[in-house]
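Presented below is the structure to which this report refers.
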Amino acid sequence: MDKAIHKEIFYYEALRTIVGLLAIAVALITTITYFFYTDLAWTISNIPTSISVTFHLGSVIPFVGILFIVASFLFAFHGTSRIQFILTKFAGVFALLVACFPTDIDGRWIAMLTEENPLILKDLPTKCKELWENSPDAHCNMYSWELTPTVHFTGAFGLIGILCILCFIFAHRTCKKEKKYPQFKKQLFRRRIIYYMCGLSMIASICLRFLLADTDAPSDQSIFWVEVVCLIAFGISWLVAGLKFAVTGLSSGQEVEHTMSAEIDEKVRDSKDE
């Protein structure tokens, strides 16, 4: 196998694997950092209302850092089609918007947390503390630009939407490749099921949030669980594409390698026949 081909396969697999791991890591690391920072009891009731709000409560470095890394890998990933190329670039931009424009903080939720640990207020912006003294129910935007939370929400919504679309694009590609490379039919079918499950789980989590969650409650954690489900589903879909698992057989890179090997062997045979 040509060295250039090996290099391309490694690059293809490595990017997807790293992005998949980081997507799962951001949900886990920011939540753990939040609990250590706030010194709250590790209970379901103390879970943050969103992953984004942990930006203000100890997780600013892992939150922003991981999102910047994910964005850089999405910019570097070209995909296997023009639509993948365009979508991953938009996803990279949305990831940067989420990282650079933080969400606001609900004063009612902070008041609930401070009942257990009053020291939580210590490192929050003075602007927010002064606001809550006069309006305890207010949402505090730590930046002076009033549209900052809106930009954050737009970035988060756009990022999740594109990640969901990519799952279905990956699934559709397995259908096309199944016809072209029947020797991988079993592996491609398994991978397609996983892609569909990941995409559908994202949609289901969002729908359930709007149907069942009490979005007006200060302790509403529905956004947190939507973000967790979407990030894990996205991470799994990219890990499946980048790594070899028993359930999916060949990784995407190995599939390419086998296909290239078969095409090279066929050309060699044709040249000998001539």
N46 (side chain) donor-acceptor with A41 (main chain) under 3.5 angstrom: yes
Distance in Å, F68 CZ paired with L22 CG, rounded so as to fall on 0.5 Å steps: 14.0 Å
Q84 to F170 - nearest heavy-atom pair and separation: OE1-CE2, 3.6 Å
Residue pair V229 / M202, side-chain heavy-atom distance below 4.5 Å: no
Residue pair I165 / L87, side-chain heavy-atom distance below 4.5 Å: yes
CD1-CD1 distance between I61 and I29, expressed to the nearest 0.5 angstrom: 12.5 Å
Residues which pass ring-ring contact (aromatic ring centres under 6.0 Å, His included) with F35, listed by chain and number, not counting sequence neighbours: W42
Gap between atom CE of M112 and atom OG1 of T49 - 0.5 Å precision: 10.0 Å
Contact summary for T31 and F224, nearest pair of heavy atoms: OG1-CE1, 3.4 Å
Closest approach of S237 to F234 (non-hydrogen atoms, all atoms of both residues): OG-O, 2.7 Å
Non-hydrogen side-chain atoms of F94 and F157 separated by less than 4.5 Å: no
Contact check, side chains of W132 and I105, non-hydrogen atoms, under 4.5 Å: yes
Any pair counted as salt bridge (charged side-chain N to carboxylate O under 4.0 Å, His left out), so long as it reaches residues 201-213, sequence neighbours left out: R209-D220
Side chain H56, main chain T103, donor-acceptor under 3.5 Å: yes
Within residues 103-153 or reaching into it, pairs that qualify as disulfide (SG to SG under 2.5 Å) - sequence neighbours excluded: C128-C140
Euclidean distance, L40 CG relative to I47 CD1, rounded to 0.5 Å: 11.5 Å
Distance in Å, S50 OG paired with E227 CD, rounded so as to fall on 0.5 Å steps: 5.0 Å
